[in-house]
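Some notes on the structure that comes next.
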Amino acid sequence: NNLTSIFNSAGVSISNLSNGSVTNNTVTNSSFEGVYLFRLDQVNVSGNSVFTTFSSDGLGIYDFSNGNISSNFVNDTADNGIYISNATNSTVSYNTVSNIVDDLIQVYFGDNLTITSNYVNNSQDDGFDITSLTNSIFTLNNISSAAEFGIEMFDSYSNVFSNLSISDTSSDGIDAT
């Protein structure tokens, strides 16, 4: 439960956490990630709000396993709204991401993820940008107003996509290569 404003680094930065939580933080006007998380296992990341980052992601989450990223609110970032890299056996759900310069949510290398019930709106790039996602479920996500694709996917396989709402994209709703 922290409130941070006008930082020359990440608003919240946590590394090497197991069996814990990162919850209910509010970050405004961060120079880098609003919330930067690295090497987390069995961690709940929820209820965080990030407003305005000047050069990076709203939530930057790296090496994340057996956890939950849910009910976070991200608005007005200079890069991705939520960036997730090297995640396994985790759930990404009920996040609201809007007014983002790059991708609303980007997943880079993930396995056995459940990505469900996220609302993403108004990106100057893609709604979801997914690279190397395997054995995952992607369902009940609402994607609107993406300047490029609703979902852009590279090198991803053995995933289930269902019950998606994709509207108002400049390119295809889903692009898979």
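Position 1 is the first residue of the sequence; numbering continues from there.
Interatomic distance, CG of N80 versus CG of D129, reported as 7.5 Å (0.5 Å rounding). Residue I61 holds its CD1 atom at 11.0 Å from CD1 of I14, rounded to the nearest 0.5 Å.
Pairing each heavy atom of N159 with each of T134, the nearest pair is OD1-C, 3.2 Å. Contact between V35 and V27 at its shortest, heavy atoms only, is CG2-CG2, 4.4 Å. Taking both residues in full, the closest heavy atoms of G11 and S30 are given as N-OG, 3.5 Å, listed atom of the first, atom of the second, then distance.
Side-chain polar atoms of S145 and D168 form a donor-acceptor pair below 3.5 angstrom. At a cut-off of 3.5 Å, with distance as the only test, no side-chain donor of S123 or D125 sits close to an acceptor on the other residue. A side-chain N or O of T139 and one of S162 form a donor-acceptor pair less than 3.5 Å apart.
At a threshold of 4.5 Å between non-hydrogen side-chain atoms, the residues V45 and F64 count as touching. Looking at I174 and L164, their side chains come closer than 4.5 Å, going by heavy atoms from C-beta outward.
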From CA spacing to verdict: side-chain hydrogen bond (donor to acceptor under 3.5 Å, both in side chains), S65, D41: CA-CA 5 Å; S65 61; D41 183 48; 2.7 Å; yes

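Centroid-to-centroid, the aromatic rings of F149 and F128 stay 6.0 Å apart or farther.
Screening N122, T77, D76, N121 for a side-chain hydrogen bond (donor to acceptor under 3.5 Å, both in side chains) with N99, the sole residue that qualifies is N122.
Remark: the backbone N or O of N95 is paired with a side-chain donor or acceptor of N118 at under 3.5 angstrom.
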